[in-house]
Amino acid sequence: MTALLAFQLRRIGRNRQYLLFTVLLPALFTIFFTKIFGAQAGGAANYQDFAGYYMTSMMAYGALGAALGATIRLSFDRASGWLRQLRVTPIRPAQLLAADVVVGALLTLPSLLVVALVGRFVNHVQLPLSTWVGLVAVLWAGSVAFVALGLLVGLVLEERAAGAATGIIGVALAALGGLWVPVEAFPASMRTVAHAMPSYWYAQLGRDVAAGTGLPAVAVGVLAGFTAVFAAAAWAVSRWRPMYAVSG
Amino acid sequence: MPEARALEISGLTVRYGATVAVDDVGLRLPAGQTVALLGPNGAGKSTILNAALGLLRPAAGSVSLFGRSPQDAVRAGCVGAMLQHGGLASDARVGEVLRLVRRSYPDPWPLEDLVSTAGIDGLLDREVDALSGGQRQRVLLAVALAGQAPLLVLDEPTSAMDVEGRRAFWTTMRGLAGRGHTIVFATHHLEEADAVADRVVVVAGGRLVADGTAAQVKSGTTGRTITFTAGPERPVEGLPGVTSAARAGDRVSLTSIDVEATLGALLAGGGRLPDLEVRGASLEEAVLSLTAPVPSGGTR
């Protein structure tokens with residue numbers, strides 16, 4: 001299991017595009033937008049609010065992108081025949097899935113940490129240490145919803161379609177969930193859409209923890225619900241079409 | 001290993017939708033045998049091997065490997081396989097792939113020896129995505145051999161290899177058989193079956209149509225081929241010894257298990273046999289004659 005985990009991590013580590021989109025891009029967004037819009041906020045208190053808010057959004061954005069990007073690689077491994085080859089070795093499909101879940105969860109950490117560090121040291125977001133730890137922890141835990149979603153997409157779609165779908169899903173989750181533009185700036189109808197997005201609740205989780213108001217029960221419940229639905233669907237799909245099936 | 005057969009298939013039937021791909025096939029492989037599954041494309045060779053590995057669910061019949069279910073045997077490390085639709089992990093190096101697969105088996109093949117046996121010297125640090133077709137094939141062979149599994153199932157292992165690679169591969173296979181591995185491989189290269197296998201099983205239309213040594217398949221089933229020129233007025237049906245007759249224009253070709261009797265009957269009326277040729281059948285002709293007259297069921 002640890003060998004499989006190390007193997008998978010090493011493979012992703014070689015993929016520069018993945019690191020660029022999941023770590024570097026959210027970090028740059030954090031700096032760019034905070035410097036532009038935060039400067040217009042007027043007043044130190046408003047700047048702090050804005051910088052904290054935007055940093056949390058970008059942590060959520062980076063983490064969900066990383067979780068999706070890591071787990072849909074399952075579809076690449078099916079398309080190449082690697083999963084089929086592994087099926088005729090003693091390595092079990094369940095071990096493989098477990099490794100991919102752990103890899104997906106681990107890989108959200110760099111995005112979360114890098115954006116948090118940028119928030120702290122470049123944008124000067126001020127939070128108590130325990131809040132920093134809580135913020136990273138809660139967003140890390142919440143990323144499991146997007147790990148499950150990525151697995152589902154990877155199991156359902158073929159290689160190219162899965163790659164494209166992840167891009168679209170990532171953008172939709174970020175835009176409609178209010179990660180790029182705050183939901184408060186949305187028209188009322190779009191706000192309803194935002195509330196149907198797991199990404200909205202995911203960011204909300206982080207915002208409430210950052211604001212020191214504790215864990216929001218609704219956000220936790222909604223995210224847990226999404227996670228359960230995605231995981232159940234992924235499980236059903238893997239029963240219906242085994243991972244080692246010839247694609248196409 | 002327990003005293004069970006390496007592979008035992010009985011009554012195997014596999015359907016893809018309405019198509020019967022494999023029809024009531026039975027096959028028993030004692031440990032240590034090298035068996036070629038020979039037949040044209042679409043004959044059902046891959047389907048038989050995939051069923052043996054538990055990669056598909058048969059409509060009927062049973063498969064056991066060393067007395068276990070395919071899945072249990074695979075998980076216990078009793079099987080190494082090279083698949084037609086198998087592949088390697090992207091963004092990985094050859095050495096990493098081999099290390100991962102080797103350590104999943106209880107008694108892996110020592111790496112250095114594996115590398116030279118599979119002919120992948122110098123490729124361990126190579127990116128999987130940078131391999132040529134032939135190199136890739138040899139790496140997949142190394143993956144199949146990595147666990148030093150007692151049963152090796154190889155589906156068209158030489159399809160992307162050139163003549164030299166193929167000959168090297170045969171030498172490897174003979175070496176493995178010498179070490180006591182049971183090997184079953186699918187091929188449509190007759191020379192390959194002839195060169196490597198103790199036993200040739202001919203598959204056509206989803207059924208086994210012949211089973212024996214290469215020599216037996218060649219001699220026992222087909223006899224010899226008699227060809228001559230004759231107009232349509234000359235009847236060629238009902239001659240003694242003839243198992244099949246075909247006409248291409250003026251050219252008649254008969255397959256006979258008793259050449260003397262056939263020729264005797266042909267020449268009895270004082271008729272002539274212009275351009276007469278009598279040839280012993282090659283393994284290729286043997287297989288063609290075995291696989292041609294099978295009714296349509298199953299082939300695609």
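The sequence lines fix the lettering, A, B, ..., with proteins before strands; numbering per chain opens at 1.
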Sidechain-backbone polar pair: A:R11 side chain, B:S90 backbone, donor-acceptor under 3.5 Å | yes
Does the distance from a Lys or Arg side-chain N to an Asp or Glu carboxylate O, for B:D91 and A:R10, drop under 4.0 Å?
-> no
Does atom CZ of B:R166 have more than 12 heavy-atom neighbours from other groups under 6.0 Å away?
-> yes
Is any side-chain heavy atom of A:V88 less than 4.5 Å from a side-chain heavy atom of B:V79?
-> no
Among B:V97, B:L56, B:V128, single out the residue with the greatest number of heavy-atom pairs under 4.5 Å to chain A.
-> B:V97
Quick one: salt bridge (charged side-chain N to carboxylate O under 4.0 Å, His left out) partners of B:R174, sequence neighbours excluded?
-> none
Any idea which heavy atoms bring B:L140 and A:Q85 closest together, and the distance?
-> CD2-OE1, 3.8 Å
Does CZ belonging to B:R57 count more than 12 external heavy atoms closer than 6.0 Å?
-> no
Do you know the tightest heavy-atom contact between B:L88 and A:S80?
-> O-OG, 3.5 Å
With a 4.5 angstrom heavy-atom cut-off, could you sort out which part of A:L4 is near chain B: side chain, backbone, both or neither?
-> both
Closest non-hydrogen atom pair, B:V74 against A:R87 = CG1-O, 3.4 Å
Kindly check if the number of other-residue, nucleotide or ligand heavy atoms within 6.0 Å of CZ (B:R75) is above 12?
-> yes
Atom of A:R14, atom of B:E127 and distance for their closest heavy-atom approach = CD-OE2, 3.6 Å
Which atoms form the tightest heavy-atom contact between A:F7 and B:L100, and what is the distance?
-> CD2-CD2, 3.8 Å
Of the listed residues (B:A92, B:A149, B:A76), which shares the most heavy-atom pairs with chain A below a 4.5 Å separation?
-> B:A92
When rounded to the nearest 0.5 Å, the distance separating CZ of A:R84 from CG of B:L53 is 8.5 Å
Over 12 foreign heavy atoms within 6.0 Å of CZ, A:R120 | yes
For B:V153, is it the side chain, the backbone, both, or neither that has a heavy atom closer than 4.5 Å to a heavy atom of chain A?
-> neither
Residues A:T89 and B:Y105: closest non-hydrogen pair is CA-OH, 3.7 Å
